[in-house]
2 protein chains.
Amino acid sequence: MASRAKATILDIAREAGVSKSTVSLVLQGSGLIRPETAVKVRKAIEDVGYVYNRGAANLRKAHSNVIGMVINDLTNPFFAELAVGMERVFQAAGVVPFIANTAENPVRQEEVLKSMMEQGVAGLIVSPARGTTPGAFRRIEAAGVPVVFAMRRLPESRIPAIAPDNRRGACLATEHLIRKGHSRLAFFGGSSDLVVYQERLGGFLGACEAFAIPVADRMIVEGETSRKGGMACLETALAMPEPPTAALCFNDAVAFGVILALRKRGLEAGADFAVVGFDDVAEAEHYSPALTSVAVDTAGLGERAAHVMLKMIQSRTTRAEDHIGAVSLVVRESSGPDRNSQVGDAA
Amino acid sequence: MASRAKATILDIAREAGVSKSTVSLVLQGSGLIRPETAVKVRKAIEDVGYVYNRGAANLRKAHSNVIGMVINDLTNPFFAELAVGMERVFQAAGVVPFIANTAENPVRQEEVLKSMMEQGVAGLIVSPARGTTPGAFRRIEAAGVPVVFAMRRLPESRIPAIAPDNRRGACLATEHLIRKGHSRLAFFGGSSDLVVYQERLGGFLGACEAFAIPVADRMIVEGETSRKGGMACLETALAMPEPPTAALCFNDAVAFGVILALRKRGLEAGADFAVVGFDDVAEAEHYSPALTSVAVDTAGLGERAAHVMLKMIQSRTTRAEDHIGAVSLVVRESSGPDRNSQVGDAA
DNA sequence: TTGATTTATTGGAACGTTCCATTTATAGAG
DNA sequence: CTCTATAAATGGAACGTTCCAATAAATCAA
């Protein structure tokens, strides 16, 4: 049934009674061919069941139309949203994004990046896996392929990054808790090998400083960035002699875990302990209690990253500005009773 | 800094003082070359900053090492898990899976499939978008590229599908509700244009039949397969003159919505109304109340799909058996008080 | 030594496109 | 009717690999 050998441009040419060059022109939508010829050729293309061989084409052409998206954890809905935002932009530009998952594993990431390079991608959007070594992108940069970091960045890299204003988000959230009257605060989850962590923790500490919360009343509990991690954090915190009464969590997953752990102890987030998350994933709004969280406009960041990428490809550069996305605090139930809740609006 | 023109196999050959053929052999790890020569060549590869051009290679070689995964909704953690399962298998086989999202849009799906074909994928694993036309895969089959459906299938297609035993899962769940003493049952969410829906609904109705639940006491409410859809379903159901007391939901998202809607009305899932979900996503276990759900071993199905794909590629066929994955009911709190809950174990 | 055998290496012809430089056909001007 | 300008179509040389057939070098049997 299937013609064994796959049809090429020459088969089309034969079928349509024209030259391969003409077929190529038609394929590229050149205005140079006579409309009737084009029709004839297109018919032949249909008839022989032709599929364009982009590999062969790229051998001659400068750039391919695929860009790679390398993501550290596809299971996190947060990254899926990021991907969705990018796809919108790329689709409009006729670029196809191929996504690959590194499962937070630098070795796997290396393989995936290699594969994408071999495939001849025009650019790479990466949310680097934890523990990525500084040199991981050296070869790629050297090859002149543009790279953009999304959501995460590497400590000393010159690669442009698109990320939310983590510091300000954490600051906003912490202020909110302090204004609610809390004076013993915790920062739950995450680990210090991530730049994002440094930034969010920095915002937390900055706000504490600004409101003169004594160091002894700031509690920092590192932990997995998952529900499980959040549960563990809460346990650790409540075991202290003077436990905190409110927590800013590294991300929403951690916050959900904290809420769960509270309920297990017969406590209610919002009433007995204030919880604020980070990222404002879709679920936050529907959780019970609804989660107060820092919204980062994930899809928007994805779009931004895609735009930057397209610009870089177009201007064949490997450099671009960082981009810090605006954040906002979405106040819901988990951070306490709904008494005319005011969002901090510092400069 | 970057040598402008990218290095080729010939540059390596020149650098190492051998022929391009030798370099090619080294690249393929052939045992024919003298070890010392291989070392010399590898050094040269490193020195010139070579990146392998798979496109060029595929021009000569039979097939590529990339297989495409086309998924209808990457935002659903369920599919992300599926992807993760596949990746495990493919990685071991030296195959790189590229993922693309169709956002449940058949037009987008068409584009994505075309792109993947052009890229020369060795095979395609697809969870087809709702509304995919029967002919969508004709060209792909004709080209001899193996396709496997995962989780979803098309009504009359001959393409092998890997999916859970939806009918049995729904049956098990319904039995469980009936054994709990419910006699007015609902099936919430989903829409009849999906084969999965037909199967799950079929299981529900089959169990009703088996236990002689009168038709008047079976309520079917179609709806979006999301939290929102679930909330709407519950509202519709409770507005009836003789509302049901238990519901099997099309999937977990719908079930979460139902639980939320119950709480809004001051009712508690498990106590006032029994809720069972489908898929048993990670969140089900942690929800409050914990969700009774039909576990489908998503990652396992992903692995299975990947294995089938590899087999098909290896034996260069485009046909394979369907594969129905085992399911099991995980009884938790949302389906009612914990009185020695027994899982139906029909033949 | 000579020829046969094995081991390493190599040139050259594909593979399916694009694109440049031509050729051929068509039309317009004189 | 010839000449030139324009429009449409074409052949051939890349592009970076693989792989076959062939060569060159080393080893061995006689």
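In the text below, chain A, chain B and the rest are named by the order of the sequence lines, each starting its count at 1.
Taking the six-membered ring for Trp and the full ring otherwise, Phe137(B) and Phe149(B) have centroids separated by under 6.0 Å.
Atom P of nucleotide dG16(D) and atom CD1 of Ile45(B) are separated by 16 Å, given to the nearest angstrom. Between the C1' atom of dT17(C) and the CD1 atom of Ile12(A) lies a distance of 11 Å, rounded to the nearest Å. If you take NZ of Lys61(A) and C1' of dG16(C), they are 13 Å apart, rounded to a whole angstrom. Met117(B) places its CE atom 15 Å from the P atom of dG16(C), with the value rounded to the nearest Å. In this structure, the CD atom of Glu118(B) is 11 Å from the P atom of dT18(C), given to the nearest Å. Between the P atom of dT17(C) and the CG atom of Asn58(A) lies a distance of 12 Å, rounded to the nearest Å. Nucleotide dC19(C) holds its C1' atom 16 Å from the CD1 atom of Ile33(A), rounded to whole Å. Put simply, NZ on Lys6(B) is 20 Å from P on dA14(D), counting in whole angstrom units.
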What pairs of nitrogen or oxygen atoms, one from the protein and one from nucleotides 22-25 of chain C, lie under 3.5 Å apart?
none

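Counting heavy-atom neighbours within 6.0 Å of Arg152(A) CZ, excluding the residue itself, gives a total above 12. Under a cut-off of 6.0 angstrom, the local environment of NZ in Lys114(B) is sparse, with at most 12 non-hydrogen atoms contributed by other residues, nucleotides or ligands. Around atom NE2 of His63(A), more than 12 heavy atoms belonging to other residues, nucleotides or ligands sit under 6.0 Å away.
For the pair Pro35(A) and Thr8(B), nearest-nucleotide mapping onto DNA chain D gives the more 5' position to Pro35(A). Remark on DNA chain C: of its neighbouring residues Gly17(B) and Leu59(B), the 5'-side contact belongs to Gly17(B), judged by nearest-heavy-atom nucleotide.
The pair Asp11(A)-Lys6(A) does not count as a salt bridge, with every side-chain nitrogen at least 4.0 angstrom from each carboxylate oxygen. Between Glu46(A) and Arg139(B), at least one side-chain N (NZ, or NE/NH1/NH2) sits under 4.0 Å from a carboxylate O, which counts as a salt bridge. Using a 4.0 Å cut-off between charged nitrogen and carboxylate oxygen, Arg108(B) and Glu111(B) count as a salt-bridge pair.
Annotation: proximity of residues 19-31 of chain B to DNA chain D (heavy atom, distance under 4.0 Å) is found for Lys20(B), Ser21(B), Ser24(B), Gln28(B), numbered in ascending order.
Comparing dT18(D), dT18(C), dT9(C) by their nearest atom to the side chain of Arg34(B) picks out dT9(C). You'll find that the side chain of Arg60(B) is closest to dA13(C), out of dT17(C), dC15(D), dA13(C). Nearest to the side-chain atoms of Leu10(A) among the listed nucleotides dA8(D), dT17(D), dT17(C) stands dT17(C).
For the residue pair Glu81(B)/Thr75(A), the side-chain donor-acceptor check at 3.5 Å is not satisfied.
Among pairs with a residue in residues 51-69 of chain A, those fulfilling salt bridge (Lys or Arg N to Asp or Glu O under 4.0 Å) read Arg54(A)-Glu118(B), at least two apart in sequence or across chains.
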